[in-house]
There are 2 protein chains.
Amino acid sequence: MNARSGTGWRAVRDEVRRRIASGKWGPGQLIPGESALAREFGCARATVNRALRELAADGLLCRKRRVGTRVAASPERRAILRIPLIREEIAALGLGYSYRLITRERRVPPEAIRAGLELPAGVAALSVQALHLGDGTPCVLEDRWVDLRTVPAIAEADLAQVSANEWLVRNVPLAEGRIAILALAADAGVAARLGCAPGSALIAIERQTQIEAGPVTVARLTYRPGHRIESTI
Amino acid sequence: MNARSGTGWRAVRDEVRRRIASGKWGPGQLIPGESALAREFGCARATVNRALRELAADGLLCRKRRVGTRVAASPERRAILRIPLIREEIAALGLGYSYRLITRERRVPPEAIRAGLELPAGVAALSVQALHLGDGTPCVLEDRWVDLRTVPAIAEADLAQVSANEWLVRNVPLAEGRIAILALAADAGVAARLGCAPGSALIAIERQTQIEAGPVTVARLTYRPGHRIESTI
DNA sequence: AAGTGGTCTAGACCACAGA
DNA sequence: CTGTGGTCTAGACCACTTC
């Protein structure tokens with residue numbers, strides 16, 4: 001039975017999606033229960049469950065126990081943003097990757113960073129500034145603070161060889177965190193590093209990550225002019 | 001058995017995640033097969049499968065038939081970008097939403113738009129410009145082209161009352177597409193609409209959506225200065 | 001050929017939220 | 001209490017990939 005092209009959870013998912021797209025099941029409408037659909041499609045309830053669960057994860061359905069499954073009233077679109085290593089991001093553009101460490105010093109951070117790392121006043125952290133280049137031209141400026149209480153080992157790392165971005169991914173896996181995308185005008189310092197005109201509109205990503213043991217890092221990645229962050233819906 | 005706190009697919013998922021985080025299972029390493037893990041955890045293989053499938057979807061594991069399951073070599077982080085209706089986005093900021101239609105005309109688009117809509121040369125589309133406001137101040141400038149071949153019904157819509165953004169979500173569900181986030185400097189026109197200084201660095205989202213029947217719309221949403229697109233990793 | 005993950009089944013029990 | 005989705009099980013077969 002499962003060899004038939006018309007069965008399987010993907011077939012159920014696609015058929016449900018089709019019914020929503022065609023308007024047969026309108027926004028907010030209650031659709032038949034899992035058992036009823038299983039009977040209709042001639043498959044097990046678990047198969048229907050799998051299909052509906054996927055659609056709910058996509059934001060297309062809204063499921064509640066005892067209540068049933070409804071078509072989402074205003075289907076909220078979601079895009080998945082892939083956040084690769086900067087090295088891989090540049091390599092994916094077909095450019096030869098290189099990396100230059102600008103500064104690396106242990107010092108007391110300014111207030112905004114201190115708050116982000118939940119650092120007591122007057123305690124030092126590791127400040128790293130570096131430039132990621134593609135075919136020799138600046139692509140990304142990395143401005144990072146690392147919490148030495150949580151990640152003391154980075155003090156021994158040779159950040160001239162391996163970027164802090166990469167060291168952290170390798171040595172502190174599974175960090176959770178927040179991310180923000182913003183636009184900023186290049187000041188004189190950033191413009192000089194990235195080789196663009198002062199005042200250029202640049203896109204930047206700010207990340208703040210932590211693990212169970214505590215805050216890990218606060219970083220701002222500023223991209224060269226014209227950079228686009230792309231994804232599919 | 002399944003009432004015990006230590007079982008269930010979430011428990012398996014969390015334990016596997018812990019083993020990766022602790023380094024017990026390092027990057028690139030082959031982990032035990034589903035059957036072995038099922039025996040170890042005292043559950044069915046399907047339960048282990050569910051747990052590992054979730055972790056693989058998160059990019060933490062790499063699974064291949066016949067080969068087995070490996071810890072991802074460089075765990076690629078992913079952020080989920082929620083893309084709500086602009087009205088809901090502004091309401092979520094606690095601001096009172098209002099909307100103003102600027103222009104709405106049927107005309108032949110410039111080359112860049114024509115290509116995006118895969119429109120034959122000389123064919124007209126619907127151009128809509130509108131402003132979304134929060135508490136009366138401009139928040140988002142919407143510059144949109146709609147393909148009238150795919151969505152002829154929008155020609156009858158009263159876009160002074162309901163924004164094209166909202167009309168499309170309600171009437172063309174399930175559109176797929178691409179999205180790009182970019183920074184741009186406000187030109188005189190944009191600056192006047194958004195009430196900011198010319199040259200301000202602004203963040204914009206470009207979307208291109210289509211359904212099976214054909215291209216639907218190309219839109220650029222330009223946000224007021226200081227806007228941040230936020231998400232969690 | 002063999003071993004891995006991918007999926008399906010039929011049945012069961014549980015958790016939750018309305019009536 | 002009742003009916004819904006959420007999950008688990010034990011077993012089975014399939015699909016793919018490498019040997």
Side-chain angles (χ1 to χ4, degrees), chain A residues 1-17 19-20 25-73 75-76, chain B residues 1-17 19-20 25-73 75-76:
Chain A
M1 191 96 69
N2 55 6
R4 278 192 42 216
S5 64
T7 58
W9 68 268
R10 290 163 196 281
V12 175
R13 178 197 62 186
D14 293 346
E15 176 56 25
V16 171
R17 213 205 299 261
R19 290 183 187 181
I20 295 173
W25 289 342
Q29 185 178 337
L30 203 60
I31 75 173
E34 293 188 350
S35 310
L37 289 175
R39 245 172 295 138
E40 180 191 339
F41 290 119
C43 66
R45 186 168 78 91
T47 304
V48 173
N49 180 277
R50 173 83 189 267
L52 297 187
R53 190 179 354 116
E54 298 268 333
L55 291 171
D58 284 353
L60 211 61
L61 295 177
C62 184
R63 319 192 74 197
K64 257 192 272 185
R65 278 168 168 155
R66 163 69 195 174
V67 176
T69 300
R70 290 183 180 282
V71 179
E76 174 186 278
Chain B
M1 192 95 68
N2 56 5
R4 277 193 40 216
S5 64
T7 58
W9 69 269
R10 291 164 196 280
V12 174
R13 177 197 61 186
D14 292 346
E15 175 57 25
V16 171
R17 214 206 298 260
R19 291 184 187 181
I20 296 172
W25 290 342
Q29 186 178 334
L30 204 61
I31 76 173
E34 293 188 351
S35 311
L37 289 174
R39 247 173 294 142
E40 180 192 338
F41 290 118
C43 65
R45 185 167 79 92
T47 304
V48 173
N49 179 276
R50 173 81 189 268
L52 298 187
R53 191 181 350 117
E54 297 269 334
L55 291 171
D58 284 353
L60 211 60
L61 294 177
C62 185
R63 320 192 74 197
K64 258 191 270 185
R65 278 167 169 159
R66 163 71 193 171
V67 176
T69 300
R70 290 182 180 283
V71 179
E76 174 186 278

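All chains are named by letter (A, B, ...) in the order of the sequence lines, taking the proteins before the strands, and each is independently numbered beginning at 1.
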The criterion is salt bridge (charged side-chain N to carboxylate O under 4.0 Å, His left out); which residues satisfy it with A:Asp58, sequence neighbours excluded? none

Taking OP1 and OP2 of D:dG6, is either one under 4.0 Å from a side-chain nitrogen or oxygen of A:Asn49? yes

Rounding to an integer number of Å, can you tell me how far B:Arg39 CZ sits from D:dA10 P? 14 Å

Tell me whether the OP1 or OP2 atom of D:dT9 has a side-chain N or O from B:Thr47 closer than 4.0 Å. yes

Run the salt bridge (charged side-chain N to carboxylate O under 4.0 Å, His left out) test against B:Arg70 and tell me which residues pass, sequence neighbours left out. none

Between atom CZ in A:Arg70 and atom C1' in D:dT4, what is the gap in whole Å? 12 Å

Nearest whole angstrom, please: distance from the C1' of C:dG6 to the CZ of A:Arg13. 14 Å

Separation of atom CZ in B:Arg53 from atom P in C:dT4, rounded to whole Å: 19 Å

Selection from D:dT9, D:dG6, C:dG5 that lies nearest to any side-chain heavy atom of B:Ala46: D:dT9

Looking for any heavy atom pair under 4.0 Å, which part of the strands does A:Thr69 touch: base, sugar-phosphate only, or nothing? sugar-phosphate

Taking side chain to side chain donor-acceptor pair (under 3.5 Å) as the definition, give me every residue that meets it alongside B:Arg63, ordered by chain and number, with sequence neighbours left out. B:Glu34, B:Thr69

Could you tell me whether B:Arg50 contacts a base, only the sugar-phosphate backbone, or nothing, with contacts defined as non-hydrogen atoms closer than 4.0 Å? sugar-phosphate

For A:Val16 and A:Trp25, work out which heavy atoms get closest and say how close. CG1-CZ3, 3.8 Å

A:Thr47: partners by side chain to side chain donor-acceptor pair (under 3.5 Å), with sequence neighbours left out: none

Contacts of A:Arg19 meeting salt bridge (charged side-chain N to carboxylate O under 4.0 Å, His left out) (sequence neighbours excluded), chain-then-number -> A:Glu15, A:Glu40

note: A:Glu34, atom CD; D:dG6, atom C1'; distance rounded to Å ~ 8 Å

Using a 4.0 Å cut-off on heavy atoms, which residues in residues 60-68 of chain B reach DNA chain C? List them by number, or say none. B:Arg63, B:Lys64, B:Arg65, B:Arg66, B:Gly68

Return the value, rounded to whole Å, for the distance between atom CG of A:Leu37 and atom P of D:dG3. 18 Å

Pairwise distance CG(B:Leu52) to CG(B:Leu60) - rounded to 0.5 angstrom: 10.5 Å

Could you tell me whether the phosphate oxygens of D:dT7, OP1 or OP2, come under 4.0 Å of any side-chain nitrogen or oxygen in B:Arg10? yes

Base C:dT7 to side chain B:Arg45, donor-acceptor N/O within 3.5 Å cut-off: yes

